[in-house]
Number of protein chains: 2
Amino acid sequence: MDAAKILKKRGLRITKIRVAILETLAANLQALPYSKLQKDLSRFDRTTLYRTLLILRDKGFIHKALEEKGESYYALCSNCTSSMHNHNHVHFKCNRCSTVQCLHITNKLDLSIPKISINSIEIIAKGTCSACLLAD
Amino acid sequence: MDAAKILKKRGLRITKIRVAILETLAANLQALPYSKLQKDLSRFDRTTLYRTLLILRDKGFIHKALEEKGESYYALCSNCTSSMHNHNHVHFKCNRCSTVQCLHITNKLDLSIPKISINSIEIIAKGTCSACLLAD
DNA sequence: ACATAAATGCAACAATGTTGCATTAATAAT
DNA sequence: ATTATTAATGCAACATTGTTGCATTTATGT
């Protein structure tokens with residue numbers, strides 16, 4: 001993954017923390033909790049991390065996979081842009097090892113409720129991940 | 001709604017803040033953000049509110065309908081107990097007026113993913129609520 | 001009314017969110 | 001390559017929420 005090239009292609013300045021965040025997220029299969037990003041990227045100021053996460057989210061590079069107990073989990077986007085965020089996948093959290101992952105599903109989920117206009121649907125599943133199932 | 005009676009029936013002590021929380025939530029159709037509870041119940045200590053919310057959640061009286069941007073939204077449970085939490089409903093947030101409500105749906109949502117054991121599924125829908133649609 | 005277990009309020013601290021502002025860095029223009 | 005300009009960064013500061021320990025008060029069964 002060439003984070004610099006990706007940033008450039010999408011018209012964003014190439015800065016150290018942006019490259020670092022993208023590479024950190026790319027290096028993990030799971031979504032990463034804020035606290036982990038904070039720790040891994042502690043060479044940067046906390047405010048900068050905070051603002052950079054906002055920008056990368058806004059521009060469609062990353063998304064918040066889950067927010068739970070005051071902690072946000074971040075993951076790379078696969079197909080988003082500034083104008084279009086489509087996260088048609090399920091966010092799964094393992095109750096045992098606490099990892100969070102994005103699961104791409106084929107099932108199309110349609111939900112319609114009278115008198116309400118629904119723009120987006122988010123699904124959060126919890127259970128036991130394959131690694132923990134195997135560890136039994 | 002007789003909060004005291006409900007608490008007693010479920011074996012919890014009847015205290016002012018418990019009654020107040022249950023009545024506050026019962027008085028609203030929507031789920032209430034923590035900040036609103038905090039404000040309405042400011043006559044009680046913040047720690048007590050925090051701990052009481054934990055207890056009422058644990059005992060199945062209330063549930064966290066949504067956690068977003070660091071803010072938790074709470075609502076009454078309809079059929080939960082200490083041992084059984086079943087929230088088979090959708091949590092809906094209106095993007096315009098920011099209200100959060102629990103929508104009871106009939107559609108059964110089944111999701112199965114290979115190699116993973118799923119225990120619970122939560123659905124969060126966002127869009128425009130009926131009141132805001134009418135206000136156009 | 002009393003004993004006892006539980007709930008409360010207070011103090012204190014941690015983590016995250018958030019803003020303003022001066023400094024520094026990235027890019028475009030020369 | 002140097003400079004101008006625009007954006008990003010780091011620092012300080014403060015708000016909100018989460019969390020724990022402990023002394024005091026309250027709810028309830030006897």
Side-chain angles (χ1 to χ4, degrees), chain A residues 2-24 31-59 61-75 82 98 100, chain B residues 2-24 31-59 61-75 82 98 100:
Chain A
D2 189 342
K5 190 183 289 180
I6 293 173
L7 285 166
K8 186 164 207 173
K9 186 166 58 179
R10 304 266 292 271
L12 285 207
R13 288 192 177 184
I14 299 159
T15 69
K16 286 173 190 164
I17 193 172
R18 288 178 186 171
V19 171
I21 290 174
L22 293 179
E23 286 182 343
T24 302
L32 296 182
Y34 172 80
S35 58
K36 168 107 171 98
L37 287 172
Q38 167 88 64
K39 208 187 324 171
D40 287 5
L41 304 173
S42 59
R43 65 203 129 111
F44 303 101
D45 186 79
R46 200 171 67 79
T47 311
T48 304
L49 173 59
Y50 165 72
R51 278 195 269 234
T52 307
L53 288 174
L54 280 183
I55 291 172
L56 292 179
R57 271 216 296 159
D58 187 53
K59 300 299 183 186
F61 289 86
I62 66 175
H63 66 283
K64 193 182 273 196
L66 179 67
E67 183 172 348
E68 192 189 58
K69 291 170 192 161
E71 181 143 58
S72 296
Y73 292 73
Y74 294 95
S82 314
S98 297
V100 173
Chain B
D2 188 342
K5 191 185 287 181
I6 294 173
L7 285 166
K8 188 163 204 173
K9 185 165 60 180
R10 304 265 295 269
L12 285 207
R13 288 194 177 183
I14 299 160
T15 69
K16 287 172 192 166
I17 193 171
R18 288 178 186 170
V19 170
I21 290 174
L22 294 179
E23 286 181 343
T24 301
L32 296 183
Y34 173 80
S35 57
K36 167 107 172 99
L37 286 172
Q38 168 86 65
K39 208 187 324 170
D40 287 7
L41 304 173
S42 59
R43 64 202 130 112
F44 303 102
D45 186 78
R46 200 172 67 80
T47 310
T48 305
L49 173 57
Y50 164 73
R51 278 195 269 232
T52 306
L53 289 174
L54 280 184
I55 290 173
L56 293 180
R57 275 219 289 161
D58 187 52
K59 300 298 184 185
F61 289 86
I62 66 175
H63 66 284
K64 193 182 274 195
L66 179 67
E67 185 173 347
E68 191 189 58
K69 291 170 191 161
E71 181 144 59
S72 296
Y73 291 73
Y74 295 94
S82 315
S98 297
V100 173

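Computed from a predicted model, the values in this text were never measured in an experiment. Every chain is numbered from 1 and lettered A, B, ... according to where its sequence line falls, protein lines coming before strand lines.
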Problem set entry | Nearest-nucleotide comparison on DNA chain D, the residue closer to the 5′ end among A:Leu49 and B:Glu67 | A:Leu49
Exercise. If each of B:Lys8 and B:Gly70 is mapped to the nucleotide of DNA chain D with the nearest heavy atom, which maps nearer the 5' terminus, i.e. the 5' end?
Worked result: B:Gly70
For this session: Report the nucleotide, chosen from D:dA12, D:dA8, D:dT17, that has the shortest atom-to-atom distance to any side-chain atom of A:Arg18.
Result: D:dA8
Exercise. Within the structure shown, what part of the strands sits under 4.0 Å from B:Arg46 by heavy-atom distance: base, sugar-phosphate, or nothing?
Worked result: base
Exercise. Base, sugar-phosphate, or nothing: which does A:Thr15 touch, judged by heavy atoms less than 4.0 Å apart?
Worked result: sugar-phosphate
For this session: May I have the distance from B:Asp45 (atom CG) to D:dC22 (atom C1'), rounded to whole angstrom?
Result: 13 Å
Problem set entry | Per B:Arg13 side chain, nearest of listed nucleotides D:dG10, D:dT6, D:dA27 | D:dA27
Exercise. Going by modelled atom types, is there a donor-acceptor pair between the base of D:dG18 and the side chain of B:Arg51 at under 3.5 Å?
Worked result: no
Exercise. With a 4.0 Å cut-off on heavy atoms, is B:Ile14 in touch with a base, just the backbone sugar-phosphate, or nothing at all?
Worked result: sugar-phosphate
Exercise. What nucleotide among C:dT16, C:dT19, D:dG18 has an atom nearest to a side-chain atom of A:Gln38?
Worked result: C:dT16
Exercise. Does a nitrogen or oxygen in the side chain of A:Thr47 sit under 4.0 Å from OP1 or OP2 of D:dT9?
Worked result: no
Problem set entry | Separation of atom CG in A:Leu7 from atom P in C:dA26, rounded to whole Å | 13 Å
For this session: Using atom types as modelled and distance alone, determine if a side-chain donor or acceptor of B:Glu71 lies under 3.5 Å from a backbone N or O of B:Ser35.
Result: yes
Problem set entry | Other residues, nucleotides, ligands: >12 heavy atoms within 6.0 Å of A:Lys59 NZ | no
Problem set entry | Options C:dA6, D:dG18, D:dT9, nucleotide nearest the side-chain atoms of B:Tyr50 | D:dG18
